[in-house]
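Below, each value reflects all heavy atoms present in this structure, side chains not excepted, and no hydrogens, waters or symmetry copies.
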Amino acid sequence: MPDRDPAVEAAVQGELRLLDPEVRASPELVGALLHPEFHEFGASGRHWDRASIIAALAGATDEEAGAIAASGMKGVRLAPDAVHLTFDTEHNGRRAHRSSLWRRTPSGWLLYFHQATPFAG
């Protein structure tokens with residue numbers, strides 16, 4: 001089996017941190033993982049910017065903040081400073097396909113874009 005790309009590994013580790021309920025509850029920890037120009041299209045169809053997602057995660061109820069199970073995480077380096085991840089999640093009975101774009105910055109790999117699409121059916 002070939003060695004994993006360290007850029008992909010860094011993005012995977014960042015993504016897993018963002019799924020951790022303790023990290024999600026901390027505006028400082030979430031903010032440290034998000035690119036200044038971050039934006040997201042959520043599973044609800046809502047568009048989120050960096051400030052709105054940090055605020056929403058910090059204000060999540062106990063039920064909303066529960067554990068998120070991820071599966072099938074795969075990544076590919078698109079360019080020297082860009083990694084694309086795809087994976088599925090399940091959270092409180094809701095399942096979604098997810099896609100994330102991570103960018104390398106002087107401060108490390110940061111999540112630049114994220115999209116969640118609910119499972120059909």
Mind listing the closest non-hydrogen atom pair of W102 and L33 along with its distance? CZ3-O, 3.9 Å
Does E90 come within less than 4.0 Å of R95, counting only side-chain N to carboxylate O? no
Where A7 and W109 come nearest, the two heavy atoms and their spacing: CB-CZ2, 3.4 Å
Would you say M73 and D88 make side-chain contact, with heavy atoms under 4.5 Å? no
Nearest-0.5 Å distance that lies between atom CZ in R98 and atom CG in L19: 7.5 Å
Smallest separation among heavy atoms of A43 and P118, with atom names: O-CG, 3.4 Å
State yes or no: do L101 and F41 share one hydrophobic cluster built from I, L, V, M, F, W and Y residues joined by side-chain heavy-atom distances below 4.5 Å, directly or via other members? yes
L18 and side-chain contact (heavy atoms from CB on, under 4.5 Å): which single residue from I53, L57, I68, V30 fits? V30
Nearest 0.5 Å, please: how far is CZ in F38 from CG in L110? 11.0 Å
Looking at CD of E9 and CD of Q13, how far apart are the two atoms once the value is rounded to the nearest 0.5 Å? 6.5 Å
We want to know whether H84 and S99 form a side-chain donor-acceptor pair, criterion being a heavy-atom distance below 3.5 angstrom. yes
Any carboxylate oxygen within less than 4.0 angstrom of a Lys/Arg side-chain nitrogen, looking at R103 and D81? no
Main-chain N/O of A82 paired with R104 side-chain donor or acceptor, under 3.5 Å: no
Heavy-atom distance under 4.5 Å between the side chains of L111 and H35, does that happen here? no
Do you know which two heavy atoms are closest between A70 and F87, and how far apart they sit? CB-CD1, 4.2 Å
Under 4.5 Å between any side-chain heavy atoms of H47 and H39, yes or no? yes
Between R50 (side chain only) and G31 (backbone N and O only), is there a donor and an acceptor less than 3.5 Å apart? yes
Which residue pairs pass the salt bridge (Lys or Arg N to Asp or Glu O under 4.0 Å) test when at least one of the two sits in residues 29-40, sequence neighbours left out? none
Taking the six-membered ring of W48 as reference, does the cationic atom of R46 (NZ for Lys, CZ for Arg) lie under 6.0 Å from its centre and within 45° of its axis? yes
Check whether the side chains of S100 and E15 place a donor and an acceptor atom closer than 3.5 Å, and report yes or no. yes
Grouping I, L, V, M, F, W and Y whenever their side-chain heavy atoms are under 4.5 Å apart, do L34 and Y112 come out in a common cluster? no
Less than 4.5 Å apart, any side-chain heavy atom of L78 and any of V83? no
Side-chain (S26) to main-chain (V23) donor-acceptor, under 3.5 angstrom: no
